[in-house]
Amino acid sequence: MQIKCNVLDRQFQMYQQEYEEAALRVLRSGWYILGNEVKQFEEEFAAYTGRKYCVGLNSGLDALIMSVRALGIGEGDEVIVQANTYIATVLGITENGATPVFVEPDEYFNLDAERIEAAITDKTKAIMVVHLYGQASNMNRIVEIANQYHLPIIEDCAQSHGACFDGKMTGTFGVSGCFSFYPTKNLGAFGDAGAIVTDDKEFADRIRMMRNYGSRIKYVNEIEGINSRLDEMQAALLRVKLTHMQELNDERKVLGERYTKGIHNDKLIKPEIREQADSVFHQYVIRCSEREKLQKYLEEQGIQTQIHYPIPPHLAECYQQMGYKVGDYPITEQYANEVLSLPLYTGMTLEEQDYVIEKLNEF
Ligand SMILES: *Cc1c(COP(=O)(O)O)cnc(C)c1O
């Protein structure tokens, strides 16, 4: 059997007719940028998350960059961020000239709240939280610390559409919830797309201006903006998928729980879910001290796996000038050496998953 990490066309086939109708509606409308589809999607996604405002953007990275910028954070400022994240999270900070201050993760792969205070200095301007692999971070504690030090929270929700902490959705704890709709994400578009959600009207207005060359009225440029517009086609397709979000996430949860129930091998450490949190299983990430051997063995059995992420940002070539070295963030580095993401996607059959489980247990 051949098992891929992701089979995106299965998701398309599930609701094919609805997608095709939405795409044709846009093609025939004669209006392709910032029109009714974007407006409708923004309303629907704001309602889905329970926030007042949503602004559609070009990508998740843009959502992060623009959130940091709209808070006035730049040169000389520090932003606290977990060390074991995708490079985009950190780029959201460094693109603005600000300095990331890395904090080690907890046993759930998320920002370790108990290590935040030690990282706060008089230059700290925000806390960036990533709900990694689909599981909500320890938001009670993080919000408490942020309030105590009067620091805004920016949430990177690129992997956590629909995930909750204590019943409250990720993206609703901070000033800004940043989403990516990259095709492999839980709410994936058919191209690049992203958004921010917020309850702060001024913040939303600023992001809205920024995404369209800094203008509210055509050719009246109030701030130095960029072009980061969600397009009508992606918005229309996302509207279709959003109506199925519950069932899509439920399917991932079933697959995630089946892995947890089915995998029994002392060589493998399964992911755990914090009591108050839930996970929408963007990834199912196991740990193994013989990771390279395991990955090669699975490949020989026809099973594709991925590593999220092999090189932590502090050791990335692009951040050499920051002067970090191996050993600076041992937990993060251990995760980077041990994590392996198993195949998990909507449309995956139980037979396919049973095959993966069988081979894992035989390792
Ligand atoms: C995918 C991702 C991003 C970036 O999203 P893009 O839409 O690809 O720019 C940011 N942070 C995390 C954690 C991600 O997984």
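Everything numeric in this text was worked out from a predicted model, so none of it was measured. Atoms within each ligand, like the ligands themselves, are counted from 1 in listed order.
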*ring pair (Phe, Tyr, Trp, His ring centres under 6.0 Å) with Phe179: which of His282, His131, His161?*
His161
*Counting heavy atoms only, which part of Ser59 comes closer than 4.0 Å to ligand 1: side chain, backbone, both or neither?*
both
*Among Gln276, Met139, Met169, the one residue meeting side chain to side chain contact (heavy atoms under 4.5 Å, CB included) with Cys164*: Met169
*Please name the residue in the list Val101, Thr89, Leu111, Ile80 that meets the side chain to side chain contact (heavy atoms under 4.5 Å, CB included) test with Met128.*
Thr89
*Under 4.0 Å between a Lys/Arg side-chain N and an Asp/Glu carboxylate O for Lys168 and Glu155?*
no
*Ion pair present between Lys52 and Asp199, side-chain N to carboxylate O less than 4.0 angstrom?*
no
*So, does His282 sit close enough to ligand 1 that a heavy atom of it is under 4.0 Å from the ligand?*
no
*Is ligand 1 less than 4.0 angstrom away from at least one heavy atom of Asp156?*
yes
May I ask you to check whether [X] has an N/O atom sitting below 3.5 Å from an N/O atom of ligand 1?
X: Gly60; value: yes
X: Asp192; value: no
X: Leu61; value: yes

_Counting only heavy atoms, tell me which of Gly194, Ala195, Ser180, Ala88 gets closest to atom 5 (O) of ligand 1._
Ser180
_Of the listed options Gln283, His308, Lys185, Met128, closest to atom 2 (C) of ligand 1 (non-hydrogen atoms)_ = Lys185
*Relative to the heavy atoms of Tyr86, which atoms of ligand 1 are at a distance of less than 4.0 Å?*
2 (C), 3 (C), 14 (C)
*Would you say the side-chain atoms of Thr99 and Glu78 include a donor-acceptor pair closer than 3.5 Å?*
no
*Anything under 30° is parallel, anything over 60° is perpendicular, the rest tilted; go ahead and classify Tyr259 against Tyr284.*
tilted
